Amino acid sequence: MAAPVNIIVGSHVWVEDPTLAWIDGEVFKISGEEVHVQTTNGKTAVANISKVFPKDTEAPPGGVDDMTKLSYLHEPGVLHNLAMRYELNEIYTYTGNILIAINPFQRLPHLYDTHMMEQYKGAAFGELNPHVFAVADVAYRAMMNEGKSNSILVSGESGAGKTETTKMLMRYLAYLGGRSGVEGRTVEQQVLESNPVLEAFGNAKTVRNNNSSRFGKFVELQFDKSGRISGAAVRTYLLERSRVCQISNPERNYHCFYLLCAAPPEVKEKFKLGDPKSFHYLNQSDCYALDGVDDAQEYIATIRAMDVVGISEEEQEAIFGVVAAILHLGNVDFAKGSEVDSSVIKDEKSRFHLNMTAELLKCDVKSLEDALVKRVMVTPEEIIKRPLDPVAAVGSRDALAKTIYSRLFDWLVDKINSSIGQDPNSKQLIGVLDIYGFESFKFNSFEQFCINFTNEKLQQHFNQHVFKMEQEEYTKEEINWSYIEFVDNQDVLDLIEKKPGGIIALLDEACMFPKSTHETFAQKLFQTFKNNKRFIKPKLSRTSFTISHYAGEVTYLADLFLDKNKDYVVAEHQDLLTASTCSFVASLFPPPAEESSKSSKFSSIGSRFKLQLQSLMDTLNSTEPHYIRCVKPNNVLKPAIFENANIIQQLRCGGVLEAIRISCAGYPTRRTFSEFLNRFGVLAPEILEGNNDDKVACQMILDKMGLKGYQIGKTKVFLRAGQMAELDARRAEVLGHAARTIQRQIRTYIARKEFIALRKAAIMLQSHWRGISACKLYEQLRREAGALKIQKNFRRHTARESYLTVRSSTITLQTGLRAMAARNEFRFRKQTKAAIIIQATLRCHAAYSYYRSLQKAAITTQCGWRRRVARRELRKLKMAARETGALKEAKDKLEKRVEELTWRFQLEKRLRTDLEEEKAQEIAKLQESLQAMQLQVEEANARVKKEQEAARKAIEEAPPIIKETPVIVQDTEKVNSLTAEVESLKASLQSERKATEEAGNACTDAEARNAELVKKLEDSERRVDQLQESVQRLEEKLSNSQSEIQVLRQQSLAISPTGKSLTTRQRTMIVPRTPENGNVTNGETKVLSDMTLAISNVREPESEEKPQKCLNEKQQDILIKCISQNLGFSGCKPIAACVIYKCLLHWRSFEVEKTTVFDRIIQTIASSIEVQDNNDVLAYWLSNSSTLLMLLQRTLKASGAASWTPQRRRASSASLFGRMSQGLRSSPQSAGLSFLNGRGLSRLDDLRQVEAKYPALLFKQQLTAFLEKIYGMIRDNLKKEISPLIGLCIQAPRTSRASMVKGRSHANAVVQKALIAHWQSIVKSLNRYLNIMKANHVPPFLARKVFTQIFSFINVQLFNSLLLRRECCSFSNGEYVKAGLAELEQWCNEATEEYAGLAWDELKHIRQAIGFLVIHQKPKKTLNEITKELCPVLSIQQLYRISTMYWDDKYGTHSVSSDVIANMRVMMTEDTNNAVSSSFLLDDDSSIPFTVDDISKSLQQIDIADVDPPALIRENSGFGFLLPRSE
């Protein structure tokens, strides 16, 4: 991964960072070998040019799913790609055929459900998004196709998710090759259920993981020839035995100890267990419980898992007894004894635990004590018992505990293997290796040494595999690769395992010498490997040594190497437990064979582990390997945290970076010809303009650039390390030159624009200034002219003011004098007129007051009476309103009240009419009195005038003395009294009017309430009627169903015990109606003859019981022979269905107990549809079966159904069901007379209902099953035909380079036509099936159902493929699919709604998803707009996946904003917490979407009377009843 030298100022690069491992930035200065970089976090970094790596600025924002597609395959590029994908919850990434899995630390159930398994089943590797299922599928397909065993190696450090990944692999392999085992348990279920058992006894909490596997596991799934799982085996490696006795804070011991302490009280009491804090083997750490884990529930789950894998209850009790014994054994402490270097049991508490240990192991207490505190030494002369000091006794105790636990774990593994069962005949298997990853801690001991030794072995195997894959790629592309070097780590393996002289060999040698110590062992290592470059001696430690592994240097402490390497059982311990009375404990320690005991050699953990590892490697070498590298993104075990330094270290330990080094040794950058030309075509545009082949164009561009060492394959360009950066640098120069040219033109344009703007501004300024000067001159001239005009006008004004003053004074004097005279005259006239007006007003007022008083009195009387009547009526209304009762009584009362109110209203109307007449009479009287008074007034006025004339004459004659007339005073008083009376009448009239209005309002409200109640009552009656009709229909349907079931049950009970089927029953003959037995052949049917025939039928029960005895079997043969041919259609009606129905009805086959005609018809249909690919035949029988089934549905009823029919019917039933119910109520005999003896059926309404027997009901059920089968066959045939086309329609074919060159419109048109061809093929298939169904007159209802389900299938396939393939979530692909959907929409419009129905609506998911892909300005869209307006149907998981996978290959636009993505992630988390299904894939519904009732209701009435029978039947006289007859 050497850094390229093509780093210039302005390049985007990666530099090392102590915190983030790598950080990107831009080069702003280069000083020799030093590069100065401005990083994205605002800091400045200086690095050597050899440690700076170029960054691909054109990488997609969501990363690439295969890191071999990276333009720059180096460490920071890999890390950045993983980080971008992890941010989008894309936890899987390929590196070639290696899968990198990053632990999300959260549940993602949508990635592992059955729908996802179906998508990856059989899919090509790399076609869908990276997934663990894809690796398992490749291994399974390779095993099945090549017949060779495969293996899947899962590695990673503790907490990286190896165990979960292994579970998912086994689940998928069980899904592919699952088969039910014996006794209801499946092999794969036992394999999967073995995980909880092994986890309980082999997993523990470590610093890095709460459920860390402390052993290696290789699961072999054995398969038979057909690819089914036939057996399995579990092999384990290097259980960490020291953890039983020693744990460090904050780790835990093995889970089983804590599960047993959390067991039910009776179990704890039985084993004398308590709090984990009370046991020495558990209280060395402060951690006793795990967050989110209930040990009591886990105990129950472990018991259940033991049951599944076949461990009996007695064995379970013995297992947990041994676990409890180990806990008690750990609490046995020792004190110094009386003898030198001896020890005894410390106290009574230790004695209690010792007794409990002996009781649980069922051994002798004294023997157990001696085995702990004494050691037997065998000499040639005698056997010596040597006491042990307390420290040695503790070591002996711990050794016994570790030995017991190790034997128990081995027994569990053997038990699981024997329970699952292995297939000795299996020749192919898939092995899943769940092995610990490379470990490097602060303090590393013998366990880490063995683990890292294992990883060195696996890394060598991994390197060989990667190199092999590279060779296969180069061979496939036919390029030269002979000079590529292979990176090997054989020197490290020789250092560890070489014999003699390896570390393991030296360790075994040191263990065989009693006086050897860890110091002598370390010194031996220093002397042996002082010149080995892989072995390093630390400066500050005498017992530590460092090995340079492939993943880095690791320092090991040799202090406990010797103790942990010894693998022998103390003879006293062996004898003690072999003699146990517990058969289970004794089976853990079988007595050693005499031969082996005599020739026993030293045994060590290291040697045994090396042999196991060599066996594992032999197994792996015999299989085809597949690799999964699990990565832990952070040490806090929380989601959405990506620690770069931690990831880099794991990638080194997992060998991923080693694989990248191997790739870089060859050709790390590979690009297809089209991708290469798209990126680097700008380097030689003249080559693109030519008509060169893509391969030749790539060769010419590379030659022009002067590159050496590259290779041109069959489909790809292979570049050496650094050549991609050099091409990018050249490309950057070309683009930079183009950018400078554009900038120069833009700057010229801007400068020219600025100059023109300045010149225009100067001209404008000059124009404005000249205008201002002219305005000022004009203003000065105007002011001078104005001053002259002001002076002139002022002088004129002064003269005129003087004149006007004199004139005004004169006029004022004249006006005063004239006004004085005029006022005197006016005053006189005014007084005269006032006197006249007063007299007239007083006289008028007197007359009017008298009239008003009379009017007021009359109105007051009327109002009082009406108010009294209204109050009485209001009181009655209020009392009536309080009454409640039943709905019917309320209705009656309301009707009576309405009648009363109507009567009262009429009465009130009459009263008002009378009152108005009275008013009119009173008004007439008042008018007459008024006229009389007016006459009196006129006479009085005349008298007054006469008196005035007489008085004037007298005044003229006599002295001027005025005397008032007393008449005027009297008239004034009378007028005043009349006025008062009129006012009082007005007030009373007003009050009466008000009372009348209130009474009228109350009456109006009462009428409105009455009308509302009447309306509610009518609605209630209408709803009651509807409910009664619904109940009636349901009761009739229920009665038919129950009667049918009852008949079927009775018939099934009546079947003979010999078990003969319906087809083997005794055949009976059907007697056709003839003129001799009552059939009138002339067609003239009369009521009298019908009734006579009905009576004769009743009187002759024997003929009714056996109506088919004389049926000629030849007629059945003719019918069967006839319908086995394609009879065609008569007036859009299927002839076969009509003929079958007429014959069965005429022969009365529905009413007999035994017949074979139904079975023969069903067999004929079955034989006709045996060829499933003949859609014409299927459509023909679909039409016939649906028509026949509809006729049967409307004709047959189960016997006894009439007794269930309700007696109460509504005569107004106008629905189809109502007409059918009315037909049910009629007598079968009387209803069928005219049908059987008349002219045949005129229309469907004339069908009579027949009480069907068991054969008829069974025939109806079989016909229904065949209808559903034929429907499903047609639908599935269409699905099979369009399925390959759908796979081609989801992704737009790549356009050729010719379409990218300007001026090639014809080529573009050809490309567009080719792109839409697959969609047009689907449309052609749809049209073909539609034409077939139309030609066979398939009911439009069934056609709609077919196309609706087909469009739903298209929607599911397209939408799921879109979500699983990132290359499909692009802008151009959205346009392509949108154009295809337009073709389907056009087909729906052309097919019309009669046949297409709502099929277009079934595409709503893919339509909205494609609409989202092709909209512009996605970053401006809010989450509410997306979920409510753009894509309301899509779930938040689906929107999140589309948003994160979207990439614009056409315009380079971005997806939705990061805020929207964050909100989606929050909503998804809430859905997960609320147990909402998070699956984003759709399901394909393959059920039958209709019932028999649906068909019966959807089909129109069929007139089967005029259907002409075929010639074969027409020629036979026995079928005369089928011939059409004249009216």
Side-chain angles (χ1 to χ4, degrees), residues 840-881 883 892-942 970-1015:
T841 302
L842 286 176
R843 292 165 186 161
C844 177
H845 179 69
Y848 183 71
S849 296
Y850 181 70
Y851 161 72
R852 291 291 290 175
S853 63
L854 292 177
Q855 185 186 38
K856 184 175 181 182
I859 292 174
T860 300
T861 303
Q862 294 171 359
C863 291
W865 175 253
R866 291 171 184 162
R867 179 176 57 192
R868 184 177 179 184
V869 173
R871 284 178 179 173
R872 187 182 304 140
E873 185 63 28
L874 180 61
R875 193 177 303 110
K876 290 180 181 180
L877 289 173
K878 287 182 178 179
M879 291 176 64
E883 295 179 359
D892 297 338
K893 290 182 180 181
L894 287 173
E895 289 176 352
K896 292 179 181 179
R897 192 172 302 163
V898 168
E899 292 175 359
E900 291 176 2
L901 289 174
T902 304
W903 179 79
R904 289 179 183 176
F905 178 71
Q906 300 281 346
L907 180 61
E908 185 70 21
K909 189 174 182 181
R910 287 198 299 270
L911 291 176
R912 288 186 180 179
T913 305
D914 297 340
L915 185 60
E916 290 177 357
E917 291 176 356
E918 292 177 359
K919 282 183 180 179
Q921 294 175 0
E922 291 177 0
I923 291 172
K925 292 179 181 179
L926 289 174
Q927 287 179 349
E928 291 176 357
S929 62
L930 181 60
Q931 290 177 357
M933 291 181 67
Q934 286 178 351
L935 292 174
Q936 293 177 3
V937 171
E938 290 177 356
E939 292 176 356
N941 289 334
Q970 292 176 359
D971 291 340
T972 303
E973 291 176 356
K974 188 175 182 179
V975 168
N976 291 335
S977 63
L978 290 174
T979 303
E981 186 176 357
V982 168
E983 291 296 329
S984 63
L985 288 174
K986 279 184 179 181
S988 61
L989 178 62
Q990 193 70 21
S991 62
E992 288 298 329
R993 282 182 177 176
K994 189 173 182 182
T996 305
E997 290 177 358
E998 291 177 354
N1001 293 334
C1003 183
T1004 305
D1005 294 340
E1007 290 176 355
R1009 285 196 298 272
N1010 291 339
E1012 185 176 356
L1013 289 174
V1014 169
K1015 186 178 180 181

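What's counted below: heavy atoms across the whole structure, side chains too, no hydrogens, waters or symmetry copies. Predicted model, so just to flag it, every value in this text is computed and none were measured.
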_Nearest-0.5 Å distance, CD of residue Gln862 to NZ of residue Lys919_ = 5.0 Å
*Validation row: Glu900, Lys876 side chains within 4.5 angstrom (heavy atoms)*: no
*Residues in side chain to side chain contact (heavy atoms under 4.5 Å, CB included) with Leu930, at least two apart?*
Ala847, Gln934
*Pairwise distance CZ(Arg867) to NZ(Lys994) - rounded to 0.5 angstrom*: 11.5 Å
*Can you spot which of Glu917, Glu916, Arg912 makes a side chain to side chain contact (heavy atoms under 4.5 Å, CB included) with Asp914?*
Glu917
*Look up atom CZ in Arg1009 and atom CG in Leu1013, then write down how far apart they are to the nearest 0.5 Å.*
8.5 Å
*How long is the span from the CD atom in Gln855 to the OH atom in Tyr850, to the nearest 0.5 Å?*
13.5 Å
*Going from CG on Leu901 to CG on Leu907, what distance comes out if it is rounded to the nearest 0.5 angstrom?*
12.0 Å
*How far does CZ of Arg910 sit from CH2 of Trp903, to the nearest 0.5 angstrom?*
7.5 Å
